[in-house]
Structures are given as structure tokens and as C-alpha cells.
Amino acid sequence: MTDMPPLQASKPSVNALARPLVERLRAQADLLDVQVRREPSGVCIVDAGIAVRGSVAAGLLIGEICMGGLGQAHLSTGGLEGWPTWIEVRSAQPVLACMGSQYAGWSLAASKEETGGKKFFALGSGPARALAGKETLFDEIGYRDSADTGVLVMEVDRAPPQVIIDKLLRDCGLEADALTLILTPTTSLAGTTQVVSRVLETALHKAHQLCFPAGDIVGGSGAAPLPAPSPDGVEAMGRTNDAILYGGRVHLTVRGDDEAARSLAQRLPSRNSADHGRSFADIFKAADYDFYKIDGALFAPAEVWVSNLDSGNTWHAGGLDMQLLLDLWRKEA
């Protein structure tokens with residue numbers, strides 16, 4: 001899948017780099033409208049939208065935590081393309097920040113019998129993934145982390161059961177008081193914000209699926225409009241996906257073969273999917289709420305630039321569909 005040379009396991013450490021950001025999130029909990037508590041086991045839980053409101057500021061900080069301290073996320077305003085607020089992200093180490101940390105790729109599930117009640121499922125994202133290394137992706141990008149603290153983000157509306165926490169501690173090799181779990185339901189301000197901040201990561205994941213050499217991607221930036229969260233879970237999830245699929249812009253900086261760079265730009269945008277052109281909530285419902293029935297080519301930014309440092313050429317493809325987003329999100333007063 002990639003010809004990227006193995007990265008050193010301890011330099012850089014996404015968990016070590018994320019640690020000061022996690023400490024800031026906890027220290028500024030009241031200002032960021034999040035809630036911090038210690039479980040009896042010692043694990044730290046940060047509620048960013050379940051029992052509390054959460055905030056956009058918290059979501060931006062969580063977005064940077066998800067990128068393992070190797071990326072930046074901030075707001076841009078000014079009514080760009082007819083929408084007032086956008087999220088901009090960038091990273092000088094996008095493969096490690098996005099694929100090695102931010103990608104929501106760790107499947108965590110527990111049955112009713114294991115939880116003693118309701119079954120649980122979540123996809124874990126953020127630096128602690130690289131401690132456990134349970135995904136084949138880490139072998140493909142040649143990365144493992146080693147740190148004495150870890151942080152994982154879950155897009156859930158309830159705290160994980162003890163069986164899941166025990167698994168996380170065991171797989172990450174951490175003491176309980178060294179693990180922080182951040183919970184961000186997509187229906188919250190923080191949850192919507194941290195998902196839209198994945199616009200660059202969405203492009204990296206698509207490039208990986210297209211077998212573009214990960215080691216040839218040396219920089220990246222992206223932007224996407226930030227919608228208001230919906231109190232309905234499916235609608236909230238639909239809005240965050242639509243923000244990237246129809247409003248996401250990404251610029252990748254690469255090295256290597258110019259034809260490969262051109263091909264990447266051509267094949268990457270979401271409009272390559274037959275499902276393109278409808279709201280994601282409608283697509284999801286039509287697929288019987290099964291992500292695996294949706295064309296994988298859809299999960300990509302709307303517009304892409306690929307600049308090849310070796311040739312000096314910049315290739316462009318795709319385009320925004322802001323009218324679709326405005327029709328979905330905007331109501332005239």
C-alpha cells in the first residue's frame with residue numbers, strides 16, 4: 001500500500017505531543033464548557049457534549065489533540081462562499097498527524113453480556129491508537145508510538161463501559177491514571193467541530209486507498225464550512241459529512257512522479273462517486289443506515305489541489321457545491 005520508510009517509534013510521539021493540549025483542555029474545562037472527572041479506576045473522562053454543552057473552542061482543541069499535536073485547527077470567518085464560519089487545518093506532517101493519529105480507525109465493541117446492559121460500539125480516534133497499533137494501517141505507514149500517557153477520542157453519547165476501558169488500558173499498555181478519554185457526540189458543538197476538522201484527514205485516507213505513496217505526501221492544508229449541530233443524531237452526522245463532501249477544500253504537497261500527482265488530484269474528489277449530489281443523511285438512510293453499502297469514493301473532500309515540489313506543477317480537480325449546503329443549512333429570516 002505504501003513505500004514509506006519506517007518511522008521511529010518514539011520520535012515524534014503523537015501522545016507526548018498531544019499531552020500539553022490535553023492538559024489545557026482539562027485546565028480550561030469551565031471556559032471550554034466541558035466536564036472532567038476521574039473514574040474509580042483512575043481513568044480521566046472529558047465530557048465534551050453529553051451532560052454539558054461543549055463549545056466550538058473545545059472542538060478545535062480536540063481536533064488538534066486528535067492530530068497528535070502535529071496539526072493546527074482554527075476558525076475563519078467572513079462569509080466565504082455564502083457561509084459565515086469555516087474551519088481551517090494544516091499539518092507539516094500530515095501522514096503521521098492524520099493517519100497515525102486522527103483517523104477514526106480503532107473499532108471498539110462490547111456485547112450486552114459484556115456490559116451488563118446495553119451493547120456498545122465506537123470508533124476510537126487520536127494518539128492512543130498508535131500505542132495499541134491494532135490496525136493494519138500502522139504497519140502500512142510504518143509507525144508505532146511509545147509513551148507513558150495516552151488520549152483517545154470517541155464520538156459517542158455515553159461513557160464507555162468498564163470492559164472497553166479495560167481493553168484500552170491493556171492494549172495501550174497504560175496505567176489507568178495515564179489514560180484520558182474524550183467523548184464528543186456529533187450532536188454537540190464540540191463534536192461537530194472536531195469532525196469537520198478532519199477535512200485534511202479525509203483526503204489523506206482517500207489518497208491511501210488510492211495507493212498513493214504515503215511517504216510522498218509532505219504537507220497539507222484544508223478548509224470546510226462549519227454547520228450548526230443538529231439535535232438529531234443522523235442529521236448531525238449528515239451535516240458534518242456534507243461539510244467535507246460538498247464544502248471541503250484540500251491542498252496536498254507531494255514529491256515524486258508528476259503523473260502520479262496529477263492522477264491523485266483527478267481521482268480524489270468526492271464527485272467521483274455515483275452517490276455524489278445528495279445529502280449524506282439521505283444517502284445513509286437509503287443504505288439502510290449501513291456505511292458499508294455507501295460507495296467508498298464518496299468519502300473525500302469536494303475540491304483538491306496537489307502541488308508537486310519536484311516538478312513545480314499544481315494540479316486541480318473537483319469543486320464545491322455550496323448551493324446544496326445552503327439549501328440544507330440556511331433559512332432566510
Side-chain angles (χ1 to χ4, degrees), residues 1-2 4 63-64 66-68 70-74 76 81 86-105 123 125-126 135 137 140-141 143 193-226 240-257 260-273 275-276 280 291 294-309 313-322 325:
M1 294 292 291
T2 176
M4 182 177 180
E64 294 188 350
C66 275
M67 287 188 279
L70 291 170
Q72 298 78 44
H74 65 273
S76 174
E81 305 287 349
W86 290 62
I87 293 179
E88 296 182 353
V89 298
R90 64 184 184 276
S91 175
Q93 296 196 47
V95 173
L96 188 52
C98 297
M99 302 299 286
S101 189
Q102 190 179 26
Y103 176 56
L123 290 174
S125 62
E135 305 153 54
L137 175 61
E140 294 164 3
I141 66 172
Y143 182 70
T193 302
Q194 75 92 12
V195 174
V196 177
S197 73
R198 297 170 184 269
V199 57
L200 178 59
E201 177 255 292
T202 303
L204 265 290
H205 187 249
K206 181 66 173 294
H208 181 71
Q209 290 183 319
L210 293 172
C211 300
F212 187 84
D216 287 349
I217 303 176
V218 297
S221 61
L226 178 63
T240 57
N241 277 277
D242 288 338
I244 295 173
L245 306 182
Y246 300 111
R249 285 172 157 160
V250 167
H251 182 195
L252 297 179
T253 304
V254 305
R255 291 189 181 278
D257 180 72
R262 185 199 65 80
S263 177
L264 176 63
Q266 183 182 59
R267 296 188 295 158
L268 203 152
S270 59
R271 66 170 53 176
N272 287 303
S273 169
D275 286 330
H276 184 273
F280 188 81
F291 280 101
I294 300 173
D295 179 15
L298 182 67
F299 297 99
E303 189 171 22
V304 177
W305 287 262
V306 178
S307 293
N308 186 355
L309 295 180
N313 290 324
T314 294
W315 306 95
H316 170 262
L320 305 190
D321 190 347
M322 289 303 298
L325 296 181

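Since the model is a prediction, treat every value here as computed from it, not as a measurement. Quick note: numbers below take in every heavy atom, side chains included, and nothing from hydrogens, waters or symmetry partners.
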### Query
Between M67 and E201, is any pair of side-chain heavy atoms under 4.5 Å apart?
no
### Message
Checking T193 against L226 for the side-chain contact (heavy atoms from CB on, under 4.5 Å) test, could you report, in this order, the C-alpha distance in whole Å, the side-chain angles of both residues, the deciding distance, and whether it holds?
### Response
CA-CA 7 Å; T193 302; L226 178 63; 3.8 Å; yes
(Q) Could you tell me if the side chain of L268 sits less than 4.5 Å from the side chain of P301, heavy atoms only? (A) yes
Interatomic distance, CG@L252 vs OG@S307, rounded to 0.5 Å, equals 9.0 Å
Q. Is there a side-chain contact between R198 and C66 (heavy atoms, below 4.5 Å)?
A. yes
Taking C-beta and beyond as the side chain, do S125 and Q102 meet within less than 4.5 Å on heavy atoms? no
Steps toward side-chain contact (heavy atoms from CB on, under 4.5 Å) verdict (L264, W315):
CA-CA 9 Å; L264 176 63; W315 306 95; over 6 Å; no
Exercise. Is there side-chain contact between L137 and Y143, with heavy atoms separated by less than 4.5 Å?
Worked result: no
Rounded to the nearest 0.5 angstrom, the CE-CD1 distance for M99 and I217 is 8.5 Å
Here the pair of heavy atoms bringing S197 nearest to G63 is OG-CA, 3.7 Å
Margin query: Has D216 got a side-chain atom pairing as donor or acceptor with A260's backbone, closer than 3.5 angstrom?
Written below: no
- Item | Under 3.5 Å donor-acceptor, S91 side chain and G220 backbone | no
May I ask you to decide if F280's main-chain N or O and D242's side chain share a donor-acceptor pair within less than 3.5 Å?
-> yes
Partner of V250 under side-chain contact (heavy atoms from CB on, under 4.5 Å), picked from L204, I244, T202, V199, is V199
For Y103, the side-chain hydrogen bond (donor to acceptor under 3.5 Å, both in side chains) test, sequence neighbours excluded, returns H205
Between E81 and R249 (salt bridge meaning N to carboxylate O under 4.0 Å), is one present in this structure?
yes
| query | Does a side-chain heavy-atom distance below 4.5 Å link Q93 with C98? | reply | no
**Item:** Any donor-acceptor N/O pair, E64 side chain to A73 backbone, under 3.5 Å
**Value:** yes
When you measure from the side chain of D321 to the backbone of Y246, do you find a donor-acceptor pair of N or O atoms at a distance under 3.5 Å?
no
Worksheet entry | Heavy-atom side-chain contact between H316 and V304 under 4.5 Å | no
Check whether S270 reaches the backbone of L245 with its side chain - one donor and one acceptor, N or O, closer than 3.5 Å.
yes
Interatomic distance, CD1@I141 vs CG@L96, rounded to 0.5 Å, equals 6.5 Å
Minimal heavy-atom distance between A265 and A317, with the atoms involved, is O-CB, 3.0 Å
Output for pair (L298 CG, R271 CZ), nearest 0.5 Å, gives 13.0 Å
Test side-chain contact (heavy atoms from CB on, under 4.5 Å) applied to E140 and H208, step by step:
CA-CA 10 Å; E140 294 164 3; H208 181 71; 2.7 Å; yes
>> Working note: V254 + V218, criterion side-chain contact (heavy atoms from CB on, under 4.5 Å); need CA distance, chi angles, decisive distance, verdict.
In response: CA-CA 5 Å; V254 305; V218 297; 5.8 Å; no
Under 3.5 Å: donor-acceptor pair, side chain of T314, backbone of V306: no
Sorted by chain and residue number, the side-chain hydrogen bond (donor to acceptor under 3.5 Å, both in side chains) partners of R267 (sequence neighbours excluded) come out as S263
Nearest heavy-atom contact between A302 and G247 is CB-N, 4.1 Å
ask   = Does A300 offer a backbone N or O that forms a donor-acceptor pair with the side chain of K206 under 3.5 Å?
value = no
